[in-house]
Protein chains: 2
Amino acid sequence: MERDQAEELRALQDTLYFIGGKWRVPVINSLCNGNRRFREIERSIPGITTRMLSKELKDMEMNKLVTRMVYNDTPVLVEYEPTPYCRTFGKIIQEMINWGRDHRKKVIQKQ
Amino acid sequence: MERDQAEELRALQDTLYFIGGKWRVPVINSLCNGNRRFREIERSIPGITTRMLSKELKDMEMNKLVTRMVYNDTPVLVEYEPTPYCRTFGKIIQEMINWGRDHRKKVIQKQ
DNA sequence: TAAACTGGTATACTCCAGTATACTGGTAAC
DNA sequence: GTTACCAGTATACTGGAGTATACCAGTTTA
């Protein structure tokens, strides 16, 4: 049986669309690494602005990648919990980390 | 030994940067599927324009992801050959295809 | 009591990735 | 002789992703 290139391309493009911008994957990664609070996530991703993180988390909440939990202690405590669905990105992210690592090695080697 | 989150993030961001825009991954995928000629690649990726494909292939040539071969028959024949390095993306792409497929299933299921 | 933390929002701006469209010069098929 | 293929280039335009910066109200630390 022949592989359906069109179907594969669709699946691929769905994933790329879902990943979207510059910050989605790093945010997922941060959550999967155990970071939960807003400033904690922010600090774990150098370069991201509050605005972008805020947008990203809202978007991810709508897409059921993250659950926003508010605890009414004083001061109020907010935690972002990655959903099981969020964690299904794990393999892709791991492959990306591996590739990036090898790439860096290769670049250093060349110099 | 503790995992180095900063190092992992760097590797991840390197990969994301390398992937760059909307078309890099689909083009790599097309090449890895055996498409070689300009119009052939173009047709295999619905929605891409000649301009974007041209830019992408040039960029990929500079980054040693693709080799441009010109055969001086008449009419001139041009072929784009993916380098071994290009093929190292295979795992990431496969994981992306898998994820996209599962995602689609999940979405259809919900309706 | 001033500084620094929390979890964000508001406004303004910029730049370039991606789109749209037309065109070229040569070859080959109908 | 006109339509269609090949492998692209040229020009013009735009939307929105991402940046920069300031601000808020409350709390805790020095």
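Letters go in sequence order (proteins before strands), and every chain restarts at 1.
- Ion pairing between B/R37 and B/E79 fails under the 4.0 Å rule for side-chain N and carboxylate O.
- The interatomic distance linking A/E42 (CD) with C/dT6 (C1') rounds to 11 Å, in whole Å.
- Residue side chain B/R51 does not reach the base of C/dT21 through any donor-acceptor N/O pair under 3.5 Å, judged by distance alone.
- Taking all atoms of both residues into account, the shortest heavy-atom contact from B/R101 to A/A11 is N-CB, 3.8 Å.
- If you measure from atom OH of A/Y17 to atom P of C/dG18, you get 14 Å, rounded to the nearest angstrom.
- At least one side-chain nitrogen or oxygen of A/Y80 sits closer than 4.0 Å to the OP1 or OP2 atom of C/dG8.
- For the pair A/M69 CE and C/dG8 P, the computed distance is 14 Å after rounding to whole Å.
- Between the P atom of D/dA17 and the NZ atom of A/K22 lies a distance of 14 Å, rounded to the nearest Å.
- Counting all heavy atoms, side chain and backbone alike, A/M96 lies closest to B/T15 at O-OG1, 2.7 Å.
- Regarding contacts with the backbone of C/dT9, a side-chain N or O of A/S54 is found under 4.0 angstrom from either OP1 or OP2.
- Side-chain N/O atoms of A/K58 include one lying less than 4.0 angstrom from OP1 or OP2 on C/dT9.
- Straight-line distance from the CD1 atom of A/I19 to the P atom of D/dA17: 16 Å, rounded to whole Å.
- Projected onto DNA chain C by closest heavy-atom contact, A/E79 and B/V76 fall at different nucleotides, the more 5' of which corresponds to A/E79.
- Here the nucleotide nearest the side chain of A/F38, chosen from C/dG8, D/dT27, D/dG8, is C/dG8.
- We find that CG of A/N72 is positioned 14 Å from C1' of D/dG26, with the value rounded to whole Å.
- Counting to the nearest Å, the P atom of C/dG18 and the CZ atom of B/R24 are 10 Å from each other.
- Between A/D14 and B/R104, the closest heavy-atom pair is OD2-NH2, 2.9 Å.
- If you take CD of B/E56 and P of C/dA17, they are 10 Å apart, rounded to a whole angstrom.
- When distances run from any side-chain atom of A/W23 to the nucleotides D/dT19, C/dA28, D/dG8, the shortest one goes to D/dT19.
- Nearer to the 5' terminus of DNA chain C, by closest-nucleotide assignment, is the contact made by B/K55 (compared with the other of B/T50 and B/K55).
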For the pair A/R68 and A/Y80, evaluate side chain to side chain donor-acceptor pair (under 3.5 Å) and give the outcome as yes or no after the intermediate values. CA-CA 5 Å; A/R68 187 171 181 274; A/Y80 293 91; 3.2 Å; yes
